Amino acid sequence: QPSNQPPTLPPTLRAEQRGAVAVLTLARPEKRNALDDRTILGIEAFFDGLGPQVRAAVIRAEGDHFCAGLDLNEMRSRDAFEGVLHSRMWHRVFEKIELGPVPVVAALSGAVVGGGLELAAAAHVRVADETTFYALPEGQRGIFVGGGAAVRVPRLIGVARMADMMLTGRRYDARDGAAIGLSQYVVPAGGACERALELAERIAGNAPQTNFAVVQALPRIAEANPREGYLLEALIASLAQSTEDAKGRMADFLEGRAGKVTDR
Ligand code: 1HE
């Protein structure tokens, strides 16, 4: 249950509030922000604890690398069933990002690999700086993705490109990654966080019913049978446009008080 008390986070994470934007920082640069269990559970606590004042979130990282993926030290000591439970824990936590209360922007740099790409893929908008590179080294380590990549990465780049990354160890740099859909933005080195915050502030200024529809409804509609998808789209569209908020925003435009799409 969200409360005004900030959640207790492990030392590998830091949270701060910037206006309506909640910022989560991966703070384990000495291990390239490798994700151990306490960090995954801390990410869950952060998203569970977002209060009603939060309208958007940013995930960023300290150091040169966004995230080196699963902490390989913890992997050695898991048996098969524990492995299933561990993977399901990642699924649960990353679903709280993807289908959580607010849109999430990820600020990427350096390595976005393995579980790091899985984490980034759960966000709604990815901003990569020019140092960013993507890889799925699971193929080289003799393992498989387990944090949702087999579902989310093909949505971004297709099965064939993901298979190539895993089979051949192919890396994509920031520009090629953006071209195939791994990020929506590429910015100069060191600029990802600032741009992510700008975008998050813009998102936070949207109508909450629109952000809700984009986060909760859009991915489900896109994957639904089209017959159900069109109906769900109609229901959500009607719900959004019948709010006082939407009526006010449309009147603002018609009466010359709101920006045009050419203004940005
Ligand atoms: C780690 C990890 C890690 C770094 N688990 N400790 N992910 C990988 O296979 C990627 C592994 N990492 C790398 O390829 C490189 O570390 C990087 C390209 C990300 C960065 O290179 P570099 O030269 O800047 O750093 P480094 O010297 O390799 O690493 C610095 C330290 O971080 C070092 O520890 P130290 O105690 O010797 O200083 C590394 O051991 C440690 N480190 N990455 C543990 N991943 C739910 S399924 C998901 C499956 C996966 O994610 S598999 C992919 C795992």
Side-chain angles (χ1 to χ4, degrees), residues 10-13 24-47 59-99 106-123 126 128-157 159 161-174 176-177 182-183 189-190 192:
T12 53
L13 292 172
L24 179 66
T25 301
L26 307 180
R28 198 189 181 199
E30 70 285 2
K31 293 288 181 188
R32 306 307 181 252
N33 297 312
L35 298 169
D36 54 9
D37 285 358
R38 66 189 166 153
T39 305
I40 294 291
L41 293 171
I43 293 171
E44 180 172 44
F46 173 84
F47 281 94
I59 302 179
R60 60 180 289 272
E62 250 177 43
D64 295 335
H65 298 282
F66 176 71
C67 177
L70 174 74
D71 187 323
L72 293 168
N73 285 307
E74 289 193 349
M75 176 126 167
R76 285 196 216 115
S77 55
R78 248 178 239 123
D79 69 20
F81 184 50
E82 285 166 350
V84 171
L85 295 179
H86 182 258
S87 172
R88 297 296 291 146
M89 175 179 84
W90 280 50
H91 293 162
R92 185 187 76 228
V93 173
F94 288 3
E95 196 151 285
K96 289 186 177 172
I97 301 174
E98 184 183 28
L99 298 174
L108 309 178
S109 60
V112 181
V113 304
L117 177 53
E118 297 185 299
L119 172 61
R126 283 160 292 282
D129 86 4
E130 280 165 349
T131 69
T132 303
F133 60 93
Y134 308 91
L136 290 169
E138 287 87 342
Q140 280 61 56
R141 311 261 180 264
I143 56 177
F144 191 63
V145 294
V151 172
R152 291 193 184 96
V153 174
R155 276 186 201 150
L156 300 176
I157 66 173
V159 171
R161 288 196 183 97
M162 177 168 169
D164 179 37
M165 289 175 81
M166 293 201 69
L167 294 173
T168 70
R170 180 169 181 168
R171 281 173 31 154
Y172 282 93
D173 66 17
D176 288 346
L182 286 169
S183 81

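All ligand and atom numbering here is 1-based and tracks the order in the structure. Values reported hereafter were calculated over all heavy atoms of this structure, with side chains retained and with hydrogens, waters and symmetry mates removed. Everything quoted here is computed from the prediction, not taken from an experiment.
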Give the minimum heavy-atom separation between Ala111 and His65, together with the two atoms involved. N-ND1, 2.9 Å

Using a 3.5 Å cut-off on N or O atoms only, is Leu72 in polar contact with ligand 1? yes

Over all heavy atoms of both residues, which pair between Arg78 and Glu82 is shortest? Give the atoms and the distance, please. CA-OE1, 3.4 Å

Check: Arg126 side chain, Ala120 main-chain N or O, donor-acceptor pair, under 3.5 Å: yes

So, the side chain of Ser87 versus the backbone of Val84: is there a donor-acceptor pair under 3.5 Å, distance only? no

Counting heavy atoms only, which of Arg141, His65, Met75, Arg171 comes nearest to atom 11 (C) of ligand 1? Arg141

With respect to atom 3 (C) of ligand 1, which of Leu35, Val145, Leu70 exhibits the smallest heavy-atom separation? Leu70

Part of Gln140 within contact of ligand 1 (heavy atoms, under 4.0 Å): neither

Record the part of Glu118 in heavy-atom contact with ligand 1 below 4.0 Å; permitted values are side chain, backbone, both and neither. side chain

Does Gly146 reach ligand 1 with a nitrogen or oxygen that is under 3.5 Å from one of the ligand's nitrogen or oxygen atoms? no

So which of Asp71, Thr12, Thr39 actually passes side-chain hydrogen bond (donor to acceptor under 3.5 Å, both in side chains) with Arg28? Asp71

Atoms of ligand 1 less than 4.0 Å from Gly114 heavy atoms? 51 (O)

How about atom 28 (O) of ligand 1: does it have a protein heavy atom within less than 4.0 Å? no

Considering only protein heavy atoms, which is closest to atom 18 (C) of ligand 1, and at what distance to one decimal place? Phe133 CZ, 4.2 Å

What do we get for Glu138 next to ligand 1 when only non-hydrogen atoms under 4.0 Å count, side chain, backbone, both or neither? side chain

Less than 4.0 Å between atom 39 (C) of ligand 1 and some protein heavy atom, yes or no? no

N/O to N/O below 3.5 Å, does that happen between Arg32 and ligand 1? yes

How close do Leu26 and Cys67 get, counting heavy atoms only, and between which atoms? CD1-CB, 4.1 Å

Got more than 12 heavy atoms from elsewhere within 6.0 Å of CZ, Arg92? yes

Is the side chain of Asp129 donor-acceptor paired with the backbone N or O of Gly190 at a distance under 3.5 Å, no angle test? yes

Would atom 23 (O) of ligand 1 count as contacted, meaning some protein heavy atom under 4.0 Å? no

Below 4.0 Å from ligand 1: does a non-hydrogen atom of Leu136 turn up there or not? no

For atom 15 (C) of ligand 1, is there a protein heavy atom at a distance under 4.0 Å? no

Which of these, Arg28, His91, Lys31, has its nearest heavy atom closest to atom 42 (N) of ligand 1? Lys31

Report, as yes or no, whether the 6.0 Å neighbourhood of atom CZ on Arg171 holds more than 12 heavy atoms from other residues, nucleotides or ligands. no

If you scan the protein for heavy atoms around atom 5 (N) of ligand 1, do you find one that is closer than 4.0 Å? yes

If you measure every N/O of Ala111 against every N/O of ligand 1, is any gap under 3.5 Å? no

Quick one: nearest non-hydrogen protein atom to atom 31 (C) of ligand 1, plus distance? Glu30 O, 3.3 Å

From the candidates Gly83, Ala68, Ala149, Gly69, the one that places a heavy atom nearest atom 7 (N) of ligand 1: Ala68

Just distance, no hydrogens or angles: give the donor-acceptor pairs under 3.5 Å from side chains in residues 136-152, sequence neighbours left out.
| residue | atom | partner | partner atom | Å |
| --- | --- | --- | --- | --- |
| Arg152 | NE | Glu98 | OE1 | 3.0 |
| Arg152 | NH2 | Glu98 | OE1 | 2.9 |

Between Arg170 and Asp176 (salt bridge meaning N to carboxylate O under 4.0 Å), is one present in this structure? no

Backbone N or O of Gly110 within a donor-acceptor pair of the Thr131 side chain at under 3.5 Å? yes

Would you name the heavy atoms of Asn33 and Ala61 that are closest together and state the gap between them? ND2-CB, 3.5 Å

Ligand-residue contact atoms, ligand 1 with Ile143, heavy atoms, under 4.0 Å: 52 (S)

Considering non-hydrogen atoms of the protein only, which is the closest contact for atom 53 (C) of ligand 1, and what is the distance? Pro137 CG, 3.8 Å

